[in-house]
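Quick notes on the structure that follows.
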2 protein chains.
Amino acid sequence: MSLDQIEYFVAIAEEGNIGRAALRLHISQPPLSRQLRRLEDELGAPLFERHPRGVTLLPAGTRFLQHARSVLREVDRARRAVAERPPDPHT
Amino acid sequence: MSLDQIEYFVAIAEEGNIGRAALRLHISQPPLSRQLRRLEDELGAPLFERHPRGVTLLPAGTRFLQHARSVLREVDRARRAVAERPPDPHT
DNA sequence: GCGATCCAATACCGTTTGGGTATGGAGAGC
DNA sequence: GCTCTCCATACCCAAACGGTATTGGATCGC
């Protein structure tokens with residue numbers, strides 16, 4: 001599992017459509033489909049149901065989504081924690 | 001930034017020594033040094049001070065460490081959330 | 001002071017992974 | 001049944017990753 005895969009998953013979940021998610025992520029659709037499949041393979045369960053009009057979250061996908069967002073939030077906080085200046089007792 | 005880099009960083013922080021962290025991670029020392037450097041480059045700040053006997057966390061590294069551990073914890077929860085069976089009202 | 005030792009950093013290589021283009025295939029709507 | 005819309009597959013090229021070999025630098029023991 002990679003952070004990119006997690007970010008891709010969230011985008012697909014929010015768009016409900018792999019092609020639109022690809023546009024939003026500025027990558028093309030085939031690699032995005034492949035990353036999603038690899039994520040599902042690694043997790044051992046499908047996360048989306050494929051429809052002719054897009055994709056919808058399966059229960060496992062819905063459960064995963066919440067934690068996926070938490071991961072991305074925490075990564076963001078980690079970046080900012082490095083950027084922020086440590087408190088200086090003299091100021 | 002990748003999940004591997006985060007995991008590598010935590011191992012180095014805990015070992016205080018890149019070589020020992022490499023053993024623990026079952027990779028060799030040079031790629032681990034390189035991943036650490038790339039992480040520091042991306043974050044725009046060094047995370048460790050290099051000593052002749054190992055490495056020690058800088059303040060920015062200490063701040064990063066807490067969030068890094070949160071990220072790994074949350075990834076673990078995400079995996080388990082997919083594995084767990086959804087509640088069934090009939091049982 | 002000098003050699004030995006211990007670490008991290010660099011150089012180079014082979015393999016793997018990731019993204020791009022082109023194309024196929026299945027289902028919905030008219 | 002034709003078309004339109006998606007997702008999946010095939011193939012290719014470039015980037016990233018890990019491994020081995022080696023260098024550089026600083027300390028420790030003599």
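Labels below follow one simple rule: chain letters A, B, ... track the order of the sequence lines, proteins then strands, and each chain is numbered from 1. Computed from heavy atoms alone, side chains included, the values below leave out hydrogens, waters and symmetry copies.
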*asked:* Could you work out, with side-chain hydrogen bond (donor to acceptor under 3.5 Å, both in side chains) as the rule, every residue matching Asp76(B), not counting sequence neighbours?
replied: Arg80(B)
*asked:* Below the 4.0 Å mark, does dA8(C) have OP1 or OP2 next to a side-chain nitrogen or oxygen of Ser33(B)?
replied: no
*Set of side-chain contact (heavy atoms from CB on, under 4.5 Å) partners for Leu39(A), sequence neighbours left out*: Met1(A), Gln5(A), Phe9(A), Leu43(A), Leu47(A), Phe64(A)
*Scan residues 37-48 of chain B for pairs that pass side-chain hydrogen bond (donor to acceptor under 3.5 Å, both in side chains), counting only residues two or more places apart or in two chains.*
Arg79(A)-Glu42(B), Glu40(B)-Arg50(B)
*Does any residue of residues 44-52 of chain A have a heavy atom under 4.0 Å from DNA chain C, and if so, which ones, in number order?*
Pro52(A)
*asked:* What's the angle between the local helix axes at either end of the helix from dG1(C)-dC30(D) to dC30(C)-dG1(D), using five pairs per end and rounding to 10 degrees?
replied: 30°
_Please confirm whether the shortest side-chain N or O distance from Arg53(A) to OP1 or OP2 of dG27(C) is below 4.0 Å._
no
*asked:* How close do Val55(B) and Asn17(B) get, counting heavy atoms only, and between which atoms?
replied: CG2-N, 4.0 Å
*Name all residues meeting the side-chain hydrogen bond (donor to acceptor under 3.5 Å, both in side chains) criterion together with Ser28(B); count only those two or more places apart in sequence or in a different chain, and write none if there are none.*
none
*Is the shortest heavy-atom distance from the side chain of Leu25(B) to the side chain of Glu7(B) under 4.5 Å?*
yes
_Heavy-atom closest pair, residues Ala22(A) and Leu32(A)_ = N-CD2, 3.4 Å
*Does any residue of residues 10-29 of chain A have a heavy atom under 4.0 Å from DNA chain D, and if so, which ones, in number order?*
Asn17(A), Ile18(A), Gly19(A), Gln29(A)
Please produce a list of atom pairs where a protein N or O lies less than 3.5 Å from an N or O of nucleotides 11-18 of chain C.
| unit_1 | atom_1 | unit_2 | atom_2 | d |
| --- | --- | --- | --- | --- |
| dG18(C) | OP2 | Arg38(A) | NH1 | 2.1 |

*Applying side-chain hydrogen bond (donor to acceptor under 3.5 Å, both in side chains), name anything that partners Thr56(A), two or more places apart in sequence or on another chain.*
His51(A)
*What pairs meet the salt bridge (Lys or Arg N to Asp or Glu O under 4.0 Å) rule with one or both residues in residues 19-35 of chain B, with sequence neighbours excluded?*
Glu14(B)-Arg24(B), Glu15(B)-Arg20(B), Glu15(B)-Arg24(B)
*asked:* Show the nearest heavy-atom pair for residues Leu58(A) and Pro46(A), with the distance to one decimal.
replied: CD1-O, 3.6 Å
*Atom of Ser33(B), atom of Ile18(B) and distance for their closest heavy-atom approach*: OG-CG2, 3.6 Å
*Nearest heavy-atom pair of Ala68(A) and Val10(A): which atoms, and what distance?*
CB-CG2, 3.9 Å
*Provide, to the nearest angstrom, the distance between the CG atom belonging to Asp41(A) and the C1' atom belonging to dA8(D).*
13 Å
*Qualifying residues under side-chain contact (heavy atoms from CB on, under 4.5 Å), relative to Arg73(A), sequence neighbours excluded*: Arg69(A), Ser70(A), Arg77(A)
